[in-house]
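Okay, so here's the structure we're looking at.
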Amino acid sequence: MTDPWAAQGESGSTQVVLAFDDNRLATQLFGHYGRNLALLERKLGVKAESRGNHLTLEGPRDACEQARRVLEYLYEHLKRGRDVGPGDVDGAIREAVAQGSLFDFDPSEERQAFDEIQLRRRPVRARTAAQDAYIRSLKRHTLVFGTGPAGTGKTWLAVAYAVHLLERRMVDRIILTRPAVEAGERLGFLPGDMKEKVDPYLRPIYDALHDLMDRAFVERAMQSGEIEIAPLAFMRGRTLANAAVILDEAQNATSMQMKMFLTRLGENSHMIVTGDPSQTDLPGGMTSGLAEAVRLLEGVEGVGVAHFKAEDVVRHELVQRIVSAYETHEAAARATAVRRAYGDPRPSAQITPPDTVEAPSDVEPSLEPSLEPPVIDLPPAREAH
C-alpha cells in the first residue's frame, strides 16, 4: 500500500486518497458490492468512492482519519491471510473511535487498544470497549460474571477463553453447564441419554466450540472427558478443580442453584457465569440467582463483573436497534408503574416517594407524647325539680 495523500475538498471537507498494492485484497477489503465501504460511510459519516485499487475518502477531517486507520488495519489483516467480514469492519471502526487521534497509527505494528485471546486456530479480538474490559477481567480474575443483552459476545468470548486455557494446558478440562429451563414452552419428555437430553439447551456453546476449535478435536475431547457437558442440577456435591467452568443462561438459575454452583470452585479453576437478567424464564415470583449473585459479589476480591449494554451488540446491527427498543419500552413501563403506585396522573411526572414529611414552620414539633387526658365537652346536666 502506498502512502495516502490528503487535500482540502468542498465546503471545508477533507479528501484522503488511498492506493492499495494488491487489487485482489483491495476487492476483499471493499466487500461484496462495496458493503464494507457502505458500513464505513454509515458509521463514520464519510463518503467513500473506489476506482480499481484506489479509494477516495471525503468528509470531516477526524472522520477521514479514522476511516483511513480502519482500512489500513483491515488491509494488513488481509495480507496476513485472515478474512474480513462486516463484523471485523464494525469492530475496527469502534476501536478507531475509541482510540481517537491521540497518536499516529502504524498498522504494521498492530498497536492494540482492544485486548485479544490467542487460539491455535485464530486470535479472537475484542470488538467493543465492553468486550475489551470483559477479556481483561477474564485474564485477571478467577470468577467473572458477564451480564447484558443477547448478541454482545458474552458466551462466545467465555468459550474462547476456556479453549485458550485448555490449549495451553493451564486447565485439564472444560465443563459447560446450563439450567435446563425452556424459554416459555413446555417441551415435555426428551428421549435419549443425558447428553442427548441436555444438547438442545447447550447448542449455542457447541456452535462456539466448533467455531473456535477443529471439529474433530472437539469430538475427541468430548469422548475423553476434556470437554464435559452437564446440566446445572448435576453439579451438586462436585469439586471442580483444574477446570474452566462456564455457566451459560445463568439468569434461569435460582438463588439456591447459583450458590451451589459458585461453591463448587476448586483449586486452579476458572469460573465464568454469563446471562441476560432481562430474559429470565423462571416462574413468576422467583428471584434470578444471577442478579442476586452480581449484587452480592461485585467488588469482592477475585471476582470480576462485566456489564454489557445495547450499544455493545455485535450481531446484525438490527439486533442492536431491537434491544434498544425493548429497553426503552421497559423503562417507560417501569415509570408508568411508579406513577400509578404514587397516584400521580401526570403522564411524564418523575415521582420520588417522600422519605419524611415536614411539619409546618410555624408549629414547634413535640418531642414527647402528651400525658394529659383529652378534654371532652359534655352537655350541661339538667337541674332536678
Side-chain angles (χ1 to χ4, degrees), residues 42-43 90 94 127-131 133-134 137 144-158 178-187 200-201 203-204 232 247-259 261-262 272-299 303-357:
R42 187 165 63 253
K43 293 284 187 178
D90 184 64
R94 297 189 192 211
R127 292 182 179 177
T128 67
Q131 286 190 354
Y134 186 42
S137 185
V144 176
F145 292 92
T147 67
T152 51
K154 306 180 300 295
T155 301
W156 197 74
L157 289 175
R178 186 178 182 182
V181 178
E182 297 94 346
E185 300 179 66
R186 295 293 181 183
L187 301 180
Y201 301 100
R203 180 48 54 186
L232 179 59
L247 172 59
D248 190 33
E249 298 293 336
Q251 74 276 3
N252 290 330
T254 64
S255 298
M256 293 182 62
Q257 286 178 324
M258 181 61 71
K259 180 181 178 182
F261 173 76
L262 296 177
I272 310 171
V273 181
T274 64
D276 180 3
S278 68
Q279 293 194 33
T280 178
D281 298 309
L282 292 172
M286 295 188 67
T287 302
S288 171
L290 175 62
E292 182 183 65
V294 170
R295 185 177 69 253
L296 295 176
L297 300 179
E298 189 166 13
V303 178
V305 179
H307 297 284
F308 294 86
K309 299 180 181 178
E311 55 266 27
D312 299 314
V313 172
V314 292
R315 287 180 184 167
H316 194 287
E317 57 184 338
L318 181 57
V319 175
Q320 182 176 342
R321 294 196 288 267
I322 291 172
V323 172
S324 298
Y326 272 95
E327 288 182 351
T328 302
H329 172 72
E330 291 168 1
R334 287 193 296 269
T336 301
V338 170
R339 288 196 298 269
R340 290 176 178 174
Y342 293 97
D344 192 321
R346 292 172 294 174
S348 59
Q350 300 295 326
I351 307 298
T352 302
D355 295 328
T356 58
V357 178

Task: Thr280/Asn252 under side-chain contact (heavy atoms from CB on, under 4.5 Å): CA gap, chis, key distance, verdict - done: CA-CA 5 Å; Thr280 178; Asn252 290 330; 3.8 Å; yes

TODO: Give a yes or no on whether the backbone of Asp90 and the side-chain of Lys43 come within a donor-acceptor separation of less than 3.5 Å.
DONE: no

- [ ] State whether a side-chain donor-acceptor pair under 3.5 Å links Glu292 with Thr287.
- [x] no

Task: Gln257 side-chain N/O to Ala253 backbone N/O, donor-acceptor pair under 3.5 Å - done: no

- [ ] Report the distance from atom CG of Asp312 to atom OG1 of Thr128, rounding to the nearest 0.5 Å.
- [x] 4.5 Å

Task: Trace of the side-chain contact (heavy atoms from CB on, under 4.5 Å) decision for Leu297 with Leu262 - done: CA-CA 11 Å; Leu297 300 179; Leu262 296 177; 3.7 Å; yes

- [ ] Can you sort out the partners of Ser278 under side-chain hydrogen bond (donor to acceptor under 3.5 Å, both in side chains), two or more places apart, ordered by chain and number?
- [x] Asp276

Task: Neighbour count >12 (heavy atoms, 6.0 Å) for atom CE, Met256 - done: no

Open item on the list: Distance check, rounded to the nearest 0.5 Å: Leu247 atom CG versus Thr155 atom OG1?
Closed with: 9.5 Å

Task: Gln251 side chain to Ala291 backbone, donor-acceptor under 3.5 Å - done: no

- [ ] Quick one: closest heavy-atom pair of Gln279 and Ala150, and the distance?
- [x] NE2-CB, 4.2 Å

TODO: Of all the heavy-atom pairs spanning Pro277 and Gly275, show the shortest one and how long it is.
DONE: CD-O, 3.6 Å

Task: Thr147 versus His307, closest heavy-atom pair with distance - done: OG1-ND1, 3.1 Å

Task: Lys154 (side chain) donor-acceptor with Pro149 (main chain) under 3.5 angstrom - done: yes

Task: Residues forming a side-chain hydrogen bond (donor to acceptor under 3.5 Å, both in side chains) with Thr336, sequence neighbours excluded - done: Arg339

Task: Ile272 side chain reached by Tyr134 side chain, heavy atoms, under 4.5 Å - done: yes

Open item on the list: I'd like to check the side-chain hydrogen bond (donor to acceptor under 3.5 Å, both in side chains) partners of Ser137; sequence neighbours left out, ordered by chain and number.
Closed with: His141

